[in-house]
Amino acid sequence: MFVGVVSAFLFSLVLSSLCQFVCSKVYEKYEIQFGVQGQDIRMESEKQGTNEPDSTLFYQMPYDLFGKFSPEDLSIYNILGFLSVGVYPVCFIIFIVVTSILFYRRQLQKPLAILDHAAAQIAGSNLDFHVVYEREDELGKLCASFEKMRQALLENNEEMWRQMEERRRLNAAFSHDLRTPLTVLRGQSELLMQYAPKMTAEKVSRTSEMMHQHIARLEAYVQTMGDLQRLEDIEIARQPMALREFCEQIRQTGEAVCGEKEFSCVLIGEQEISLNIDTAIVQRVLENLLANAVRFAKKKTAVSLESRDRYLYLTVSDDGNGFAKKDLENATKPFYKTVNETDNEHFGIGLNICKILCEKHGGYLRLGNRKGAVVTAVFRQ
């Protein structure tokens with residue numbers, strides 16, 4: 001803008017001077033023709049002793065020199081005289097427009113195009129792009145804000161799709177597991193309807209007892225489904241807690257859950273630090289992991305705690321046979337039972353609950369084997 005103002009002033013000054021120079025040349029042309037010539041004639045008459053100039057000589061005096069201009073010269077003189085003044089605002093307007101265009105092309109066109117493209121992509125529900133603008137001016141900050149908004153929308157969409165996929169899998173697993181008790185109940189009810197009068201009291205009692213067991217199992221399934229649905233609505237409430245104090249709570253919980261089996265809890269890394277976690281959520285995950293570990297452990301289970309890079313790592317291990325390959329891929333899915341598990345008392349949702357709670361807390365759940373099963377629950381502080 002400074003260069004534009006200085007250039008406009010200098011350019012208008014040059015043009016004004018040029019207009020004034022041409023005007024002076026036009027005026028000088030008539031001044032020489034009428035003004036100087038009349039002056040010389042009057043001086044000559046004074047030398048001859050004439051007191052008053054002759055009337056013919058009087059009209060040659062420059063009393064109305066503009067009246068002697070030809071129409072063309074008069075028009076040129078007036079136009080150039082106007083331009084000598086009017087060229088200043090005209091030049092300033094032209095240079096301001098040119099400077100604005102250059103400023104737009106160099107400073108605004110690219111970021112505005114980037115923002116326009118980003119808005120079009122978001123409107124089209126496409127979040128697989130990046131808003132990149134190198135400068136750190138106001139528009140650069142606006143582009144950075146757009147990028148943050150895009151990332152937030154992408155994360156929200158991914159979370160929504162994850163929840164929808166989790167719900168779909170949950171419903172599919174629930175429907176699959178309900179099929180068996182419903183089939184049994186249907187068969188037993190048809191049996192009673194057709195043969196009840198011919199059946200002995202003992203047979204009717206056993207059939208009723210079997211139906212009651214399957215009805216209780218269906219009720220438990222419904223209760224479990226309700227619990228899983230409510231997990232999505234849990235809000236994380238982080239609170240500060242000393243790592244040593246939390247380790248002592250885990251030790252008490254572990255000893256109570258493990259019973260006669262050996263239990264140990266160790267701290268890894270720096271110990272005199274404060275955590276920022278939802279202790280109720282972490283304790284719930286720990287209890288589920290310990291319950292699984294105790295079921296498959298031979299003699300002992302162990303828990304290790306480590307806090308680093310704003311994450312809490314809670315690892316539960318046992319000395320059992322570990323996870324099979326198929327278990328590592330599917331153990332966190334709802335209603336999944338490991339290949340070594342045959343009882344019907346557990347529905348296979350413990351690890352799925354742990355996975356959901358870890359993700360709610362900004363972390364994840366990782367399964368592995370190391371002289372037995374190893375499960376690491378990670379929580380963001």
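Pairing each heavy atom of A118 with each of F146, the nearest pair is CB-CD2, 3.9 Å. The two residues Q381 and I277 make their nearest non-hydrogen contact at CG-CG2, 4.1 Å. For the pair N288 and G350, the tightest heavy-atom approach, listed with the atom from each and the gap, is OD1-CA, 4.0 Å. Between L367 and D327, the closest heavy-atom pair is CD1-O, 4.3 Å. Looking at every heavy atom in both residues, S16 comes nearest to S84 through OG-O, 2.6 Å. The two residues A331 and L351 have their closest heavy-atom pair at O-CB, 3.5 Å.
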Evaluate the criterion side chain to side chain contact (heavy atoms under 4.5 Å, CB included) for residue pair L275 and V282; output intermediate values, then yes/no. CA-CA 12 Å; L275 305 175; V282 178; over 6 Å; no
Go through the steps to decide whether V5 and F92 satisfy the test side chain to side chain contact (heavy atoms under 4.5 Å, CB included), and finish with yes or no. CA-CA 7 Å; V5 169; F92 271 90; 4.0 Å; yes
Starting from the C-alpha separation in whole Å, work towards a yes-or-no answer on side chain to side chain contact (heavy atoms under 4.5 Å, CB included) for V98 and I94. CA-CA 6 Å; V98 172; I94 291 175; 4.3 Å; yes
Let's go through E287 and R284 carefully: what are the C-alpha distance in whole Å and the side-chain angles of both, what is the deciding distance for salt bridge (Lys or Arg N to Asp or Glu O under 4.0 Å) to 0.1 Å, and is it a yes or a no? CA-CA 5 Å; E287 290 170 3; R284 185 172 178 181; over 6 Å; no
Apply side chain to side chain donor-acceptor pair (under 3.5 Å) to Q151 and E155, showing your working. CA-CA 6 Å; Q151 291 177 353; E155 291 174 358; over 6 Å; no
Show your working on side chain to side chain contact (heavy atoms under 4.5 Å, CB included) between L305 and I268 and close with a plain yes or no. CA-CA 6 Å; L305 282 175; I268 300 176; over 6 Å; no
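Residue V316 is not grouped with residue Y364 when hydrophobic side chains (ILVMFWY) are merged at heavy-atom distances under 4.5 angstrom, including chains of intermediate members. Two different hydrophobic clusters hold V266 and I273 under the rule that ILVMFWY side chains link at heavy-atom gaps under 4.5 Å. Under the 4.5 Å side-chain contact rule for hydrophobic residues, L314 and I353 share a cluster. Under a hydrophobic-cluster definition in which Ile, Leu, Val, Met, Phe, Trp and Tyr are linked whenever side-chain heavy atoms come within less than 4.5 Å, directly or via other members, Y104 and V97 are assigned to different clusters. Cluster annotation: L102 and L10 are assigned to distinct hydrophobic clusters (Ile/Leu/Val/Met/Phe/Trp/Tyr, side-chain heavy-atom contacts under 4.5 Å, transitive).
With respect to V87, the side chain to side chain contact (heavy atoms under 4.5 Å, CB included) criterion is satisfied by exactly one of L80, L15, L13, L18: L15. Shown are S317, S264, C258, C265; of these, the side chain to side chain contact (heavy atoms under 4.5 Å, CB included) with T301 is made only by C258. When each of V257, L290, T253 is tested with F263 by the rule side chain to side chain contact (heavy atoms under 4.5 Å, CB included), just one qualifies, namely L290.
Within the 4.5 Å cutoff, the side chain of Y133 has no heavy atoms near those of the L115 side chain. The shortest side-chain heavy-atom distance between F69 and V26 falls under the 4.5 Å cut-off. I114 has its side chain out of reach of H117: every pair of non-hydrogen atoms, C-beta onward, lies at least 4.5 Å apart. Between N292 and D318, the closest side-chain pair of non-hydrogen atoms is not below 4.5 Å.
Annotation: M160, atom CE; neighbour count of heavy atoms from other residues, nucleotides and ligands within 6.0 Å is above 12. Heavy atoms of other residues, nucleotides or ligands lying less than 6.0 angstrom from CG of N126 number more than 12. For F82, the CZ atom sits in a loose shell: 12 or fewer heavy atoms of surrounding residues, nucleotides or ligands are nearer than 6.0 Å.
Counting only distance, with no hydrogens or angles, the side chain of D319 and the backbone of K299 share a donor-acceptor pair below 3.5 Å. Between the side chain of S24 and the main chain of F21, a donor-acceptor pair closer than 3.5 Å is present. The backbone N or O of R380 lies less than 3.5 Å from a partner atom in the side chain of R238, making a donor-acceptor pair. Looking at S208, its side chain does come within 3.5 Å of a backbone N or O of V204 through a donor-acceptor pair. Although no hydrogens or angles enter the test, the distance criterion places no donor-acceptor pair under 3.5 Å between the side chain of D116 and the main chain of L112.
Atoms CD and SG, from Q252 and C247 in turn, are 10.5 Å apart once rounded to the nearest 0.5 Å. L365 contributes atom CG, which lies 6.5 Å from atom CG of L289 (distance to the nearest 0.5 angstrom). For the atom pair CD of Q109 and CD1 of I101, the computed distance is 11.0 Å after rounding to the nearest 0.5 Å. The distance from the SG atom of C358 to the NZ atom of K360 is 13.0 Å, given to the nearest 0.5 Å. In this structure, CE in M241 is found 4.5 Å from CD in Q249, a value given to the nearest 0.5 Å. Here the straight-line distance linking atom CZ of F296 with atom CG of N321 works out to 9.5 Å at 0.5 Å rounding.
Ring planes of F379 and H361: perpendicular class, angle over 60° (limits at 30 and 60°). Note: F9 and Y88 have tilted aromatic rings, judged against thresholds of 30 and 60 degrees for the angle between ring planes. Aromatic ring orientation, F11 versus F95: tilted (interplanar angle from 30° to 60°).
Screening residues 246-274 for salt bridge (charged side-chain N to carboxylate O under 4.0 Å, His left out) gives R244-E272, E248-R251 as the qualifying pairs, with residues at least two apart or on separate chains.
We find that K29 and D73 are joined by a salt bridge, their nearest charged nitrogen and carboxylate oxygen being less than 4.0 Å apart. Ion pairing between E209 and R206 fails under the 4.0 Å rule for side-chain N and carboxylate O. With respect to the salt-bridge test (charged N to carboxylate O, under 4.0 angstrom), the residues E359 and K355 qualify.
Residues satisfying the side chain to side chain contact (heavy atoms under 4.5 Å, CB included) criterion with R106, sequence neighbours excluded, are absent altogether.
Checked by atom type, the side-chain pair S70/Y30 shows a donor-acceptor distance below 3.5 Å.
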